[in-house]
Amino acid sequence: MEQKKVRVRFAPSPTGGLHLGGVRTVLFNYLFAKQQGGEFVLRIEDTDQTRFVEGAEEYIQECLRWCGLEPDEDPVKGGPYGPYRQSERKPMYRQYAEQLVNAGYAYYAFDSPEELEAMREVEKAKGNHAPQYNQTIRATMRNSLTLSAAETAELLEKGAPHVVRINMPVNEEVSFTDMIRGTVTFNTSTVDDKVLLKADGMPTYHLAVVVDDYLMKITHAFRGEEWLPSAPIHVLLWKYLGWEKDMPQWAHLPLILKPDGNGKLSKRDGDRLGFPVYAMNWKDPKTGDLTKGFREMGFLPEAFINMLVMLGWNDGSGEEIFSLDELIKRFSIDRVHKGGAKFDFDKAKWFNQQYIQKTDNARLAALLQPVLQEKGITATEDFVMKVTGLVKERCQFVNEIWDHGFFFFQKPTTIDVDSVKPKWTPEKQQFFEEWAAGFAQLPDFNAVALEESFKQLATAKGIKPGELQMPFRIMLCGGKFGPQVFVIAEALGKEETIARIQHALPLFA
RNA sequence: GCCGCGUUGGUCAAGGGGUUAAGACGCCUCCCUUUCACGGAGGAAUCACGGGUUCGAAUCCCGUACGCGGUACCA
């Protein structure tokens, strides 16, 4: 009987940058759907017009594209169950709200924001920490339960502002099976009469998820753990609407926590601790503030994805590096953790480094090209690839390729003279002059030949080769870093190597 | 406050009645390399606490503590 095609959705609100946790939710959705041969849909939950942010939806789509987690159906490409923006689905919700009212599962409430506020003040004064519009309170408010049918009809007729609230039953047990947590039970007396349809005619999240998941034939609903407390409302709604047998299976994902202290990881933590929290750079159109993203920080999308999937899931094999295809094969909800995981930026960097190591030079070179262009450097594709090949093993971010390899493209701007000078001797100076003069005799200007002639001459002069290598490195690179010196010299070529030696020699004297 | 969900090294975590309690990140020591990095070798948890159940518990049960989440006409 369970032959329905698997359909999952990611349903973000277009309110700003896409958080790490959001991407992980997408990822789990995606992996599950692809593994089951199902479909992944993107639905934009823009029912709160006051929080709508220009450009956020396009930004989310771009993030998914970068991560390689593209939806099968979305607001742009459409699909059989569109539209995929809740604001465009507005007319669809009212009828369901009314259906609920007619069946007695919901009611109209005419309380103004001021009246609600007053009620809360009174309750708080009585020692009620978080006043709820519940079974007892609703009896004291203005709604279709306390008003006569005639009064209600008249108010509605006049177009009085009103909302539709769910009529939570008294003392009933609502339970459902969460794919990650097992059976979860709530008592309806502890849940309040949540608003289903707002005064502006827009549904709240509670009504919208249920209606849309039903209409879009969603079979499995993954979302963050912060939604667990409102799950009973959704379960009840599925039942009240008469759709119980079509209710998706729920999975409430553990939260991603801040590295220090406790609590959900927030954008602020990233700013404070110096790491990104958003997938890509996000520029707030109102304030103009720019928040750094993983992409711009130099992460490879595969590494980002791999790092995220390991936060709350692992396949038990001890392996940690997985391609998206492997993840699709290996992912299983049974192995998703219940507890939240603290985000560890060091580990994230390690994943990125692992991926940089296995990424081919051509792709890395392509990523370096914009940097070179910006600096006005032109180099052949081959040369750039050669350089990335030489320096990539010491890069944690793709942006570091330049930092570790700049001296291949330009003369070092500073030379670490102080590291050489104290031990510098006229004999060493003479060594370099003679050695460089001998380059012409070299059959081929390559690393092996260079190293050999270097050692021969050093030995002949009674100087330990090791004492000459560091000065040579500093001549070429400007400091104590970089790949093997003779390899650098080979890459630089004869002319440039001689030029750098001649430039540095006088500085050391 | 109330409701819900959690709790294995600093972090991610495997293990689900009998193990020397995997592995990875980070940290420390050493090797390689007269740079850095990569790569090797090694070091450091007794499983939140307290009770049970059992010959035997990190593993099962019950409490407690702690943490987190929710408690909006936000999602």
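As the structure is a computational prediction, the values presented were derived from the model and not from experiment. Each chain gets a letter, A, B and so on, in the order the sequences are listed, and its residues count up from 1.
The separation between A:Q484 atom CD and B:rC32 atom P is 16 Å, rounded to whole Å. Between A:L311 atom CG and B:rA13 atom P there is a gap of 6 Å when expressed in whole angstrom units. Protein atom CG of A:L257 is 16 Å distant from nucleotide atom P of B:rG10, rounded to whole Å. When rounded to the nearest whole Å, the span between CZ of A:F322 and C1' of B:rC12 equals 13 Å. In this structure, A:D403 places its CG atom 15 Å from P of B:rA37, rounding to the nearest Å. If you measure from atom CE of A:M141 to atom P of B:rC73, you get 10 Å, rounded to the nearest angstrom. The CG-P distance, from A:D46 to B:rC74, rounds to 13 Å in whole Å. In this structure, A:F454 places its CZ atom 13 Å from C1' of B:rU35, rounding to the nearest Å.
Comparing the same atom, C1', in B:rC30 and in B:rA44 gives a spacing of 16 Å after rounding to whole Å. The P atoms of B:rU8 and B:rA58 are separated by 15 Å, rounded to the nearest whole Å. Spacing between B:rA21 and B:rU59 at atom P, rounded to whole Å, works out to 15 Å. Atom C1' of B:rA75 sits at a distance of 14 Å from the matching atom of B:rG69, rounded to the whole Å. B:rA48 sits 48 Å from B:rU34 when the P atoms are compared, rounded to a whole Å. Between B:rC62 and B:rG6, the two P atoms lie 13 Å apart (nearest whole Å). Only the P atoms considered, B:rG23 is 10 Å distant from B:rG43, to the nearest whole Å. Between B:rU71 and B:rG39, the two P atoms lie 46 Å apart (nearest whole Å).
Set against B:rG1, B:rC25, B:rG70, the side chain of A:P229 has B:rG70 as its closest nucleotide. You'll find that the side chain of A:K342 is closest to B:rC12, out of B:rC12, B:rG4, B:rA72. Distance from the side chain of A:F186 is smallest to B:rC3 among B:rC68, B:rA13, B:rC3. Counting only heavy atoms from C-beta on, A:R473 has its side chain closest to B:rU35 among B:rU35, B:rU71, B:rA24. When the nucleotides B:rC5, B:rA75, B:rG10 are ranked by their closest atom to the side chain of A:L228, B:rC5 comes out on top. Between B:rC3, B:rC73, B:rU35, one nucleotide has an atom nearer to the side chain of A:T190 than all others, and that is B:rC3. Considering only side-chain atoms of A:D48, the nucleotide from B:rG4, B:rC74, B:rU71 that sits closest is B:rC74. Among the nucleotides B:rG69, B:rA75, B:rC25, the one closest to the side chain of A:L255 is B:rG69. Each of B:rC73, B:rU71, B:rU35 was ranked by its minimum atom distance to the side chain of A:D192; first place goes to B:rU71. Nearest to the side chain of A:K464, among B:rU34, B:rA75, B:rU35, sits B:rU34.
Within the structure, a side-chain polar atom (N or O) of A:T47 is placed less than 4.0 Å from OP1 or OP2 of B:rA75. Within the 4.0 Å cut-off from OP1 or OP2 of B:rA75, at least one side-chain nitrogen or oxygen of A:K198 is found. Between A:H337 and B:rA14, a side-chain N or O to OP1/OP2 separation shorter than 4.0 Å is present. Of the side-chain N and O atoms in A:R51, none sit less than 4.0 angstrom from OP1 or OP2 of B:rA75. Under 4.0 angstrom from either OP1 or OP2 of B:rG70 there lies at least one side-chain N or O belonging to A:K264. For A:R223, no side-chain nitrogen or oxygen approaches OP1 or OP2 of B:rG70 to under 4.0 Å. Close to B:rC38, at under 4.0 Å from its OP1 or OP2, lies a side-chain N or O of A:Q353. Here A:N314 does not reach the OP1 or OP2 of B:rA13: none of its side-chain N or O atoms lies under 4.0 Å away. An OP1 or OP2 oxygen of B:rG15 is reached within less than 4.0 angstrom by a side-chain nitrogen or oxygen of A:R335.
Counting any heavy atom pair closer than 4.0 Å across all strands shown, A:D111 reaches a base atom. When heavy atoms are screened at a 4.0 angstrom cut-off, A:S317 is found touching no nucleic acid atom at all. Counting any heavy atom pair closer than 4.0 Å across all strands shown, A:E393 reaches a base atom. Using a 4.0 Å heavy-atom criterion, one finds that A:G339 contacts the sugar-phosphate atoms exclusively. Using a 4.0 Å heavy-atom cutoff across all strands shown, A:A341 reaches sugar-phosphate atoms only and no base atom. Among the heavy atoms of the strands lying under 4.0 Å from A:P483 is at least one base atom, whether or not backbone atoms are also near. Residue contacts for A:Q357: at a heavy-atom cut-off of 4.0 Å it reaches no nucleic acid atom on any strand shown. Looking at heavy-atom distances under 4.0 Å, A:G224 makes no contact with the nucleic acid at all. Among the heavy atoms of the strands lying under 4.0 Å from A:V184 are primed sugar atoms or P, OP1, OP2 only; no base atom is included.
Base pairing annotation: B:rU64 forms a Watson-Crick or G-U wobble pair with B:rA48, both donor-acceptor distances under 3.5 Å. Across every strand in view, B:rU35 sits unpaired, with no contact that passes the Watson-Crick or G-U test at under 3.5 angstrom. Checking B:rC3 for Watson-Crick or G-U wobble geometry (two distances, each under 3.5 Å) identifies B:rG69 as its partner. In this entry B:rU11 has B:rA24 as its Watson-Crick or G-U wobble partner, both defining distances falling under 3.5 Å. Using the Watson-Crick or G-U wobble rule with both distances under 3.5 Å, B:rA41 pairs with B:rU29. The partner of B:rA75 is absent, by the rule that a Watson-Crick or G-U pair needs both atom distances under 3.5 Å.
A donor-acceptor pair is defined here as one N or O able to donate and one able to accept, closer than 3.5 Å; no such pair exists between the side chain of A:K392 and the backbone of A:L364. In this structure, the side chain of A:E400 engages the main chain of A:Q396 through a donor-acceptor pair within 3.5 Å.
In summary, of the residues considered (A:K338, A:H252, A:Q249), a side chain to side chain donor-acceptor pair (under 3.5 Å) with A:D178 occurs for A:H252 alone.
Atom NZ of A:K411 is separated from atom CE of A:M475 by 14.0 Å, given to the nearest 0.5 angstrom.
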Practice item. Run the numbers on A:N143 and A:Y108 for side chain to side chain donor-acceptor pair (under 3.5 Å), then give the verdict. Key: CA-CA 6 Å; A:N143 53 53; A:Y108 297 110; over 6 Å; no
Exercise for review: Might you work through the side chain to side chain donor-acceptor pair (under 3.5 Å) test for A:N128 and A:R120, ending with a clear yes or no?
Suggested key: CA-CA 9 Å; A:N128 185 346; A:R120 290 193 179 105; over 6 Å; no
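Judged by distance alone, with hydrogens and angles left aside, A:K194 brings no side-chain donor or acceptor close enough to the base of B:rA72 to form a pair under 3.5 Å.
Across every non-hydrogen atom of A:F110 and A:S144, the tightest pair is CE1-N, 4.4 Å.
A donor-acceptor contact closer than 3.5 angstrom is absent between the side chains of A:N167 and A:Y240. Inspection of the A:N134 and A:T136 side chains reveals an N or O donor paired with an N or O acceptor under 3.5 Å. Side-chain contact annotation: A:D212 with A:Q86, donor-acceptor N/O pair under 3.5 Å present.
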